[in-house]
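Presented below is the structure to which this report refers.
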Amino acid sequence: MGPAALFIVLAAAAPLLLAAQSLEYNSTAKPSTTWINNNNLSADTFSHQDVRSILTIVQPRAHSGVVPTMTAGFYCAPSSPDCEEFLFAVSFGDYLENLYNSQIVWSANMARPVRENATLEFTKDGNLVLRDADGTHVWSSNSSGRSVHGMKITETCNLVLFDHKNATVWQSFAHPTDTMVPGQSLVEGMRLVTASTSATNMYITVVPDGLAAYVESTPPQLYFVQELVSRIGNDPTSVTLINGSLYGMSGPNIASPRGQSTQCMRLDSDGHLRLYELSNYSGWKVVYDIMETMNVCDYPTVCGEYGICTGGQCTCPLENNSSSSYFKPVDERKTNLGCTPLTEVSCQDIRHHRLLTIPGISYFDYSHIGNATTVDACKQACLKNCSCMAVSFGAGQCVWLTKVFSIRSIQSETIGSESSFYLKVQLNPSNENKRKLMLGATLGAVTALILLVIVVALYLQRMRKYEDKDEEFDFDQFPGLPTRFSFEMLRECTQGFIKKLGEGGFGSVFEGKLGEERVAVKRLEGAKQGKKEFVAEVETIGSIEHINLVKLIGFCAEKSERLLVYEYVSRGSLDRWIYYRHTNVPLDWFTRCMIIMDIAKGLCYLHEDCRRKIAHLDIKPQNILLDDNFNAKVADFGLCKLINRDESKVVTMMRGTPGYLAPEWLTSRITEKVDVYSFGVVIMEIISGRKNIDNSQPEVSVQLINILREKARNNQLIDLIDKHSDDMVLHQEEVLQMMKLAIWCLQYDSIQRPSMSIVIKVLEGTTHIETFDADSIMFVQDNPSAYSAPSQASILSGPR
Ligand SMILES: *[C@@H]1O[C@H](CO)[C@@H](O)[C@H](O)[C@H]1NC(C)=O
Ligand SMILES: *[C@@H]1O[C@H](CO)[C@@H](O)[C@H](O)[C@H]1NC(C)=O
Ligand SMILES: *[C@@H]1O[C@H](CO)[C@@H](O)[C@H](O)[C@H]1NC(C)=O
Ligand SMILES: *[C@@H]1O[C@H](CO)[C@@H](O)[C@H](O)[C@H]1NC(C)=O
Ligand SMILES: *[C@@H]1O[C@H](CO)[C@@H](O)[C@H](O)[C@H]1NC(C)=O
Ligand SMILES: *[C@@H]1O[C@H](CO)[C@@H](O)[C@H](O)[C@H]1NC(C)=O
Ligand SMILES: *[C@@H]1O[C@H](CO)[C@@H](O)[C@H](O)[C@H]1NC(C)=O
Ligand SMILES: *[C@@H]1O[C@H](CO)[C@@H](O)[C@H](O)[C@H]1NC(C)=O
Ligand SMILES: *[C@@H]1O[C@H](CO)[C@@H](O)[C@H](O)[C@H]1NC(C)=O
Ligand SMILES: *[C@@H]1O[C@H](CO)[C@@H](O)[C@H](O)[C@H]1NC(C)=O
Ligand SMILES: *[C@@H]1O[C@H](CO)[C@@H](O)[C@H](O)[C@H]1NC(C)=O
């Protein structure tokens with residue numbers, strides 16, 4: 001059970017309860033509606049969003065801890081890390097173990113992303129039309145004039161246009177992209193296509209005798225086939241993803257019956273068809289590869305075009321092991337990108353075509369058989385037709401290829417049949433003149449190269465001067481800015497980045513000295529922003545000054561290096577002081593209270609007092625530093641805007657740290673209240689002296705917040721107080737009050753969580769929360785399926 005399910009309502013807090021709005025989702029829409037791809041689609045407080053939702057449905061499910069959500073909306077295109085391009089897509093998400101994970105399962109415009117201000121119009125006559133910001137037509141459902149009455153997202157993650165009789169007119173299930181979800185069928189005529197935007201695309205389709213995988217070319221080449229079986233009452237011309245298996249397909253394709261977990265099946269860009277499952281702590285994980293039985297060298301793109309695969313290693317073709325080569329690697333260091341002919345085969349110059357004999361290899365597709373019956377006839381036929389790029393002759397059959405993908409190397413002892421493989425190459429025109437030409441060309445090239453080097457060197461020198469000027473110019477432009485340091489200077493002040501203070505999601509922190517002052521230098525990793533944007537963000541962060549926020553002293557932006565110089569905070573991060581793997585003495589209650597108050601003040605300033613509202617988004621003990629007097633200071637605020645976290649393609653919406661994430665990552669309507677939730681987790685960690693997620697604990701108590709719910713339910717909160725400190729036990733009553741504040745912050749519904757200014761008032765004692773008196777009985781609801789949910793209703797309510 002994850003804290004997704006954590007939903008605590010204080011029964012006595014009736015006024016709060018009434019004031020709170022339940023989360024409502026629109027899951028249907030009527031024609032004559034237009035949505036513009038801008039921030040109005042999601043009422044959030046910061047600009048970079050992964051989804052702007054149009055239709056959403058939450059599916060209550062029997063087992064606890066999981067709340068599947070289906071959303072149609074505009075998504076940041078995976079190809080656009082800065083989120084400048086969007087897909088109109090449908091995703092399938094689950095909130096599990098405090099972490100929201102989503103997966104795009106269908107997209108209208110995979111190959112043609114749209115920009116900000118693109119429109120999705122559901123026209124009066126029932127057509128769904130996607131236009132880019134400049135009005136260019138990108139995609140449409142072609143459903144005009146078919147009596148479309150509405151559009152809905154279903155609990156199976158299907159986007160449906162329906163008529164007056166609720167009959168389906170158009171559905172995304174009938175136009176699959178690269179993913180299948182449970183319950184979705186692939187029937188004859190449909191294709192599952194790789195999402196890769198590179199030249200090579202693969203697809204899977206149901207053919208009369210099986211499920212077949214092809215690589216795109218004219219004609220397509222077959223690389224995988226699996227028989228389909230006919231079962232009673234089952235259509236032999238379709239496969240359906242049910243309970244972790246492709247129903248209708250023979251062979252070992254069942255991972256295990258996993259009807260209970262969240263799954264999807266995707267044709268990945270490497271040509272594998274994999275079953276993914278959302279598993280605890282680790283996001284989407286591969287649980288099965290339908291093509292598992294295939295050899296690594298059997299995949300058409302494993303070594304790129306013309307690449308020869310030997311046990312996964314890639315080389316370029318050579319004739320009879322001779323040294324004269326006709327191919328070179330596309331990239332010397334990445335041999336799996338394939339090979340390219342030194343001279344392109346040209347149909348204009350067919351006389352200079354030759355067939356190279358490549359021994360000891362075989363090809364994955366032998367299905368395009370020509371009608372020649374001898375080797376020579378086969379080779380002649382290939383030489384005569386320009387679209388033939390290779391032939392293979394064996395067992396009396398002449399096999400043609402119009403495009404050459406990865407080639408398998410075969411061990412001579414294992415191969416019985418004597419099939420031979422011939423690759424077409426283009427000879428350079430007039431071989432006799434070649435040498436002369438080569439010599440001339442070499443001399444010419446050398447001269448040209450020298451000239452080029454000189455020109456480039458001059459140009460670079462100029463550019464550098466120009467850039468230096470540019471930098472100074474930037475610098476002068478922002479007088480209120482923290483000091484700008486050169487990289488050299490920071491290297492010196494940290495003595496070459498040797499003394500590491502810590503390592504975080506954004507990069508490593510080193511100790512340094514500026515004159516007498518000790519500083520912490522953070523070397524950012526993954527900051528791919530331009531200098532201007534970086535400087536603008538630094539300006540914002542640098543202008544924020546508060547006793548409970550770590551002060552930014554300076555920065556460095558040189559070439560690709562981005563560094564931030566912070567004040568040095570002597571006692572390091574809070575995690576070293578509250579978890580007892582460390583040797584520090586347990587903190588007393590007073591100190592813990594002060595630390596909680598300091599964090600609250602720092603956050604309150606970020607949320608409510610500074611010029612630009614800043615949500616921290618990654619509050620955790622590692623980001624809270626303690627000075628000599630145990631004053632706490634919040635670190636790393638504003639960094640989310642500096643860094644594009646490296647997000648794997650599968651997990652598209654994860655930010656922050658597992659264990660501290662608020663449930664509304666589910667809806668993506670993120671407000672500063674996510675920090676309030678994380679703050680609640682931190683209070684509980686401070687009080688109980690352990691990490692929220694602690695894998696060293698017995699399984700039932702891995703999650704502190706889960707235990708909190710249990711204890712609150714049974715009125716045993718006392719059990720959670722840190723036993724290492726007698727002082728804590730002495731102040732039991734106050735500690736219990738603090739826990740109730742934590743619970744208030746940990747409420748499922750972000751609206752019901754207090755703002756940080758209210759938290760401070762409670763801590764100061766100027767606001768007493770009557771509803772938190774010791775006898776108040778907490779109503780704990782941990783099962784999302786128990787939320788009132790009309791079974792057929794199209795609009796479901798979230799927790800209330
Ligand atoms: C649902 O749609 C209506 C208009 O169609 C809009 O006014 C309302 O804000 C939407 N609700 C949500 C929660 O998006
Ligand atoms: C967002 O909505 C508000 C109020 O409905 C409107 O004033 C504003 O122009 C909209 N913004 C954009 C970018 O469309
Ligand atoms: C989107 O449209 C709004 C209002 O029409 C405009 O202010 C904004 O600059 C546009 N955004 C982009 C990226 O074109
Ligand atoms: C709609 O029709 C156009 C042109 O006939 C076609 O290119 C496009 O693929 C169709 N779209 C869908 C979703 O069927
Ligand atoms: C269509 O479905 C909706 C909700 O599922 C229902 O309210 C409505 O009565 C149905 N209409 C018909 C004609 O079946
Ligand atoms: C899938 O699994 C569920 C629960 O384990 C079971 O009730 C159902 O019959 C299974 N469906 C099929 C087609 O095997
Ligand atoms: C995830 O964790 C819950 C308890 O926290 C457990 O019941 C469930 O079996 C786990 N799921 C997987 C796939 O490991
Ligand atoms: C390569 O070997 C084949 C037979 O295996 C032979 O016919 C051909 O002439 C050889 N090519 C060269 C360049 O030696
Ligand atoms: C090519 O060279 C490899 C080792 O370098 C050798 O094992 C193989 O027999 C050679 N093949 C031919 C046809 O000479
Ligand atoms: C080969 O097949 C083509 C048609 O596919 C036919 O036109 C041609 O005559 C055949 N050639 C021979 C030698 O059988
Ligand atoms: C060459 O081969 C291609 C593919 O096999 C075929 O479609 C085409 O008709 C052939 N052209 C000639 C001139 O034979």
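Every number for a ligand or one of its atoms is a count from 1 in the order of the listing. Note that the structure is predicted; figures quoted are calculated from it, not measured.
To the nearest 0.5 Å, atom OH of residue Tyr306 and atom CD1 of residue Ile407 are 8.0 Å apart.
Atom 2 (O) of ligand 11 lies below 4.0 Å from at least one non-hydrogen atom of the protein. The protein does not reach atom 9 (O) of ligand 11 closely, with no heavy atom under 4.0 angstrom from it.
Shown in contact with Asn117 at under 4.0 Å from a heavy atom are these atoms of ligand 3, numbered in order with element: 1 (C), 2 (O), 3 (C), 8 (C), 10 (C), 11 (N), 12 (C), 14 (O).
The backbone N or O of Thr218 sits less than 3.5 Å from a side-chain atom of Thr402, completing a donor-acceptor pair. Between the side chain of Thr310 and the main chain of Ser409, no donor-acceptor pair closer than 3.5 Å is present. A side-chain donor-acceptor contact under 3.5 Å links Tyr363 to the backbone of Phe405.
In terms of N/O distances under 3.5 Å, ligand 11 is approached by Asn385.
Look at Arg115 and Asp134 and you find no salt bridge, because none of the NZ, NE, NH1 or NH2 atoms lies under 4.0 Å from a carboxylate O.
Heavy-atom distances between Ser387 and ligand 11 reach below 4.0 Å in at least one pair.
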